[in-house]
Amino acid sequence: MSTLAEISPLLGEPQFNWSDPTPWNELEQELGMVFPDDFRQIVDAYGSISINGQLYLSHPARHLQHNLGEEIRGDLELWREDDMIEFLPSPVGVNPGQLMPVAAAMTGETVFLRIPDGPSSPWRVLVQEFDSFSWVLHEMTFGEWLLAYLRGEDVTVCSRNLTSGGPTWEFLP
């Protein structure tokens with residue numbers, strides 16, 4: 001599993017460093033699922049951020065303007081509409097094999113976590129390209145996927161390292 005220790009040298013030192021599990025516990029109870037540890041660890045470290053001005057991650061703390069719970073509720077509503085269902089390989093939701101929207105890109109992609117089929121099955125990342133209505137399942141955890149994105153590898157979301165020093169991030173307002 002990719003860890004924060006592998007991501008931080010590429011992305012830079014985290015400055016959010018959230019340690020209270022309450023927002024996660026509340027969101028997970030509401031949704032009826034538990035997020036993977038690597039996703040929680042990364043989001044707790046960095047908070048609600050924009051990476052390279054393109055990829056948006058949100059933290060579940062309710063006091064934040066960009067909070068994961070609000071983002072997920074809106075995305076679940078969108079992706080459950082009759083005219084949107086056909087653009088994903090499986091429904092959105094919390095059951096095995098279903099998709100949970102967890103991030104977005106300014107170029108129209110939505111990043112989903114694919115709920116594992118069973119307790120020993122791994123989490124996977126699916127990226128849906130809104131402009132072409134195509135999708136790609138990446139056989140990697142969220143941490144592995146983000147690490148590949150930060151390295152500029154093809155993970156469906158175009159990595160635009162805007163500075164010669166590599167990827168950058170900033171807090172979302």
Side-chain angles (χ1 to χ4, degrees), residues 4 7 11 14-85 87-95 97-116 123-131 133 135-138 140-146 149-150 155-160 167-173:
L4 188 58
I7 290 169
L11 190 55
Q15 296 177 15
F16 192 67
N17 300 314
W18 190 271
S19 61
D20 179 5
T22 303
W24 287 107
N25 295 342
E26 290 173 350
L27 181 57
E28 290 172 344
Q29 183 175 0
E30 175 189 337
L31 296 173
M33 65 168 284
V34 176
F35 288 92
D37 290 339
D38 66 332
F39 179 72
R40 285 180 64 153
Q41 182 185 32
I42 293 162
V43 173
D44 273 346
Y46 287 96
S48 294
I49 62 170
S50 166
I51 301 173
N52 295 338
Q54 179 191 20
L55 180 64
Y56 303 102
L57 302 178
S58 297
H59 189 275
R62 292 179 188 231
H63 74 279
L64 298 173
Q65 180 178 347
H66 296 274
N67 90 48
L68 184 61
E70 292 296 321
E71 300 287 333
I72 286 175
R73 284 187 282 283
D75 286 346
L76 287 174
E77 185 177 326
L78 169 74
W79 288 105
R80 286 180 173 146
E81 292 178 10
D82 289 339
D83 59 342
M84 297 303 288
I85 294 172
F87 299 114
L88 293 173
S90 60
V92 293
V94 297
N95 296 317
Q98 292 185 332
L99 303 169
M100 180 58 61
V102 295
M106 71 174 276
T107 50
E109 296 89 354
T110 300
V111 179
F112 296 87
L113 293 175
R114 185 182 179 280
I115 308 297
W123 288 85
R124 295 294 181 232
V125 173
L126 182 130
V127 179
Q128 197 283 339
E129 295 182 89
F130 203 72
D131 59 346
F133 296 108
W135 54 267
V136 176
L137 177 64
H138 296 276
M140 53 184 67
T141 66
F142 182 81
E144 292 166 341
W145 180 86
L146 183 60
Y149 168 80
L150 294 172
V155 291
T156 314
V157 174
C158 177
S159 176
R160 295 184 303 188
T168 60
W169 67 269
E170 62 184 2
F171 287 115
L172 293 174

- Task: To the nearest 0.5 angstrom, please state how far the CD atom of E170 sits from the CD atom of Q15.
- Result: 12.0 Å

- Interatomic spacing from CE in M100 to CZ in R114 - rounded to 0.5 Å: 13.5 Å

- Mind listing the closest non-hydrogen atom pair of P167 and L150 along with its distance? CG-O, 3.4 Å

- Query: Can you tell if the side chain of L55 reaches within under 4.5 Å of the side chain of L146, non-hydrogen atoms only?
  - Reply: yes

- Task: Using a 4.5 Å cut-off on heavy atoms from C-beta on, say whether the side chain of W135 contacts that of L99.
- Result: no

- Message: Would you say that L113 contacts P36 through its side chain, given a criterion of any heavy-atom pair below 4.5 Å between the two side chains?
- Response: yes

- Query: For P101 and I72, which heavy atoms make the closest approach, and how far apart are they?
  - Reply: O-CG1, 3.1 Å

- Item | Listed partners of F87 passing ring-ring contact (aromatic ring centres under 6.0 Å, His included), at least two apart | F133

- How far apart are the closest heavy atoms of I7 and G143, and which atoms are they? CD1-O, 3.9 Å

- For side chain to side chain contact (heavy atoms under 4.5 Å, CB included), just list the numbers for M84 and F130, CA-CA rounded to whole Å, side-chain angles, deciding distance to a tenth of an Å, and then say yes or no. CA-CA 10 Å; M84 297 303 288; F130 203 72; 3.0 Å; yes

- Query: Hey, does V102 have a side-chain heavy atom less than 4.5 Å from the side chain of V125?
  - Reply: no

- Mind checking side chain to side chain contact (heavy atoms under 4.5 Å, CB included) for S58 and listing every partner two or more places apart, or none if nothing turns up? S48, H66, L68, E71

- Message: We want to know whether T107 and E109 form a side-chain donor-acceptor pair, criterion being a heavy-atom distance below 3.5 angstrom.
- Response: yes

- Task: Would you name the heavy atoms of R124 and T141 that are closest together and state the gap between them?
- Result: NH1-N, 3.9 Å

- Item | Spacing of OG1 belonging to T22 relative to CZ belonging to R62, to within rounding of 0.5 Å | 10.5 Å

- Task: Give a yes or no on whether the backbone of N67 and the side-chain of E70 come within a donor-acceptor separation of less than 3.5 Å.
- Result: no

- Message: Closer than 3.5 angstrom, by distance alone: can the side chain of D44 be matched with the main-chain N or O of N17 as a donor-acceptor pair?
- Response: no

- Determine whether F16 and I49 make a side-chain contact, defined as any pair of heavy atoms from C-beta on separated by less than 4.5 Å. no

- Message: Quiz question: by atom type and distance under 3.5 Å, do the side chains of D38 and W123 form a donor-acceptor pair?
- Response: no

- Message: In the structure I gave you, are the side-chain heavy atoms of V94 and E28 within less than 4.5 Å of one another anywhere?
- Response: no

- Aromatic rings W169 and Y46: how do their planes relate, parallel, tilted or perpendicular, breaks at 30° and 60°? perpendicular

- For E81, does the CD atom sit with more than 12 other heavy atoms under 6.0 Å from it, leaving out its own atoms? yes

- Message: Has T156 got a side-chain atom pairing as donor or acceptor with V136's backbone, closer than 3.5 angstrom?
- Response: no

- Task: Could you tell me whether E77 atom CD has more than 12 heavy atoms of other residues or ligands within 6.0 Å of it?
- Result: no

- Task: Could you give me the CA-CA distance, side-chain angles and deciding distance for Y149 and V127, then say whether side chain to side chain contact (heavy atoms under 4.5 Å, CB included) is met?
- Result: CA-CA 12 Å; Y149 168 80; V127 179; over 6 Å; no

- Item | Those residues that, when tested against P21, pass side chain to side chain contact (heavy atoms under 4.5 Å, CB included) (two or more places apart) | N25, R40

- Message: Could you check whether any side-chain heavy atom of L137 comes within less than 4.5 Å of a side-chain heavy atom of P89, counting everything from C-beta outward?
- Response: no

- Indicate yes or no for a side-chain donor-acceptor contact from H138 to the backbone of V155 under 3.5 Å, with no hydrogens or angles considered. yes

- Might you work through the side chain to side chain contact (heavy atoms under 4.5 Å, CB included) test for V92 and D75, ending with a clear yes or no? CA-CA 9 Å; V92 293; D75 286 346; over 6 Å; no

- Under 6.0 Å from the CG atom of D82, do we count more than 12 heavy atoms belonging to anything else shown? no

- Message: How close do V157 and A105 get, counting heavy atoms only, and between which atoms?
- Response: CG1-CB, 4.0 Å

- Message: Would you say the rings of F112 and W79 are close, in the sense that their centroids are separated by under 6.0 Å?
- Response: yes

- Query: So, for S50 and L172, which heavy atoms are closest and what is the spacing to 0.1 Å?
  - Reply: CB-CD2, 3.7 Å

- Message: Is any side-chain heavy atom of F35 closer than 4.5 Å to one of P60?
- Response: no

